Amino acid sequence: MATIFGKILSGEIPATRIHEDDRCIAILDIDPKAPHHILILPRKPIPRLGEAKEEDAALLGHMLLVAGKIARDKGLDESGFRLVINHGPDGGETVPHLHMHLLGGRALEWPPG
Ligand code: 5GP
């Protein structure tokens, strides 16, 4: 069964898309945790980072570059931003379709809660 992100990728569920290409899309998070909260999702339904394979290396690298470009486009280069990937229960993963959170627009605490 498709996850929420699978349904967003297929267009079954709407989302605000701020980037899309042949390998990934970026959408606004429905429940933002910072002034800028963007999710970068691969079109390939990899459940979580620990299940990515060697063959996914270029895709993961591409997603990092997309995140960096979005951060620049949003003017976050100077103020800073954070990229997060949650894996499993302790990591706080709730949707089993790999995604990167791009958070910015406020000072983020470290260590995270
Ligand atoms: P996770 O907790 O799995 O790392 O992150 C899932 C993220 O997806 C959460 O930040 C949550 O707010 C977001 N989210 C859940 N459902 C939807 C949805 O239907 N649309 C959008 N745009 N984001 C969603």
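Whatever order the structure lists ligands and atoms in, that order sets their numbers, starting from 1. Note that the coordinates shown come from a computational prediction; the quantities given were computed from them, not determined experimentally.
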Please write down residue, atom name and distance for the protein heavy atom closest to [atom].
atom: atom 8 (O) of ligand 1; answer: Phe5 CZ, 3.3 Å
atom: atom 13 (C) of ligand 1; answer: Asp29 OD2, 3.3 Å
atom: atom 19 (O) of ligand 1; answer: Ile4 CG2, 3.4 Å
atom: atom 5 (O) of ligand 1; answer: His99 NE2, 2.9 Å
atom: atom 3 (O) of ligand 1; answer: Thr94 N, 2.7 Å
atom: atom 22 (N) of ligand 1; answer: Leu28 O, 2.9 Å

Would a distance-only check, ignoring hydrogens and angles, find a side-chain to backbone donor-acceptor pair under 3.5 Å from Arg82 to Glu109?
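It does hold such a pair.
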Counting heavy atoms not belonging to [X], are there more than 12 under 6.0 Å from its [atom1]?
X: Lys69; atom1: NZ; answer: no
X: Asp21; atom1: CG; answer: yes
X: Glu55; atom1: CD; answer: yes

With heavy-atom distances below 4.0 Å as the criterion, list the atoms of ligand 1 near [X].
X: Ile27; result: 22 (N)
X: Lys33; result: 10 (O), 12 (O)
X: His101; result: 1 (P), 4 (O), 5 (O), 7 (C), 10 (O)
X: Ile8; result: 20 (N)
X: Asp31; result: 12 (O)

Looking only at heavy atoms, is any part of Asn86 under 4.0 Å from ligand 1, and if so is it the side chain, the backbone, or both, or is it neither?
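It is the side chain that gets close, since no backbone atom is under 4.0 Å.
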Region of Ile30 engaging ligand 1 - heavy atom pairs below 4.0 Å:
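Contact part for Ile30 vs ligand 1: both backbone and side chain.
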Anything under 30° is parallel, anything over 60° is perpendicular, the rest tilted; go ahead and classify His99 against Phe5.
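The arrangement is perpendicular - the two ring planes meet at more than 60°.
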Rounded to the nearest 0.5 Å, how far apart are CD1 of Ile18 and CD1 of Ile40?
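It comes to 7.5 Å.
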Quick one: does Ile13 get within less than 4.0 Å of ligand 1, heavy atoms only?
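The answer is no, since Ile13 has no heavy atom less than 4.0 Å from ligand 1.
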Within a strict 4.5 Å, meaning less than it, do heavy atoms of the Ile38 and Leu28 side chains meet?
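Yes - at least one pair of side-chain heavy atoms lies under 4.5 Å apart.
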Under a 4.5 Å side-chain heavy-atom rule over Ile, Leu, Val, Met, Phe, Trp and Tyr, are Ile27 and Ile46 clustered together?
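No.
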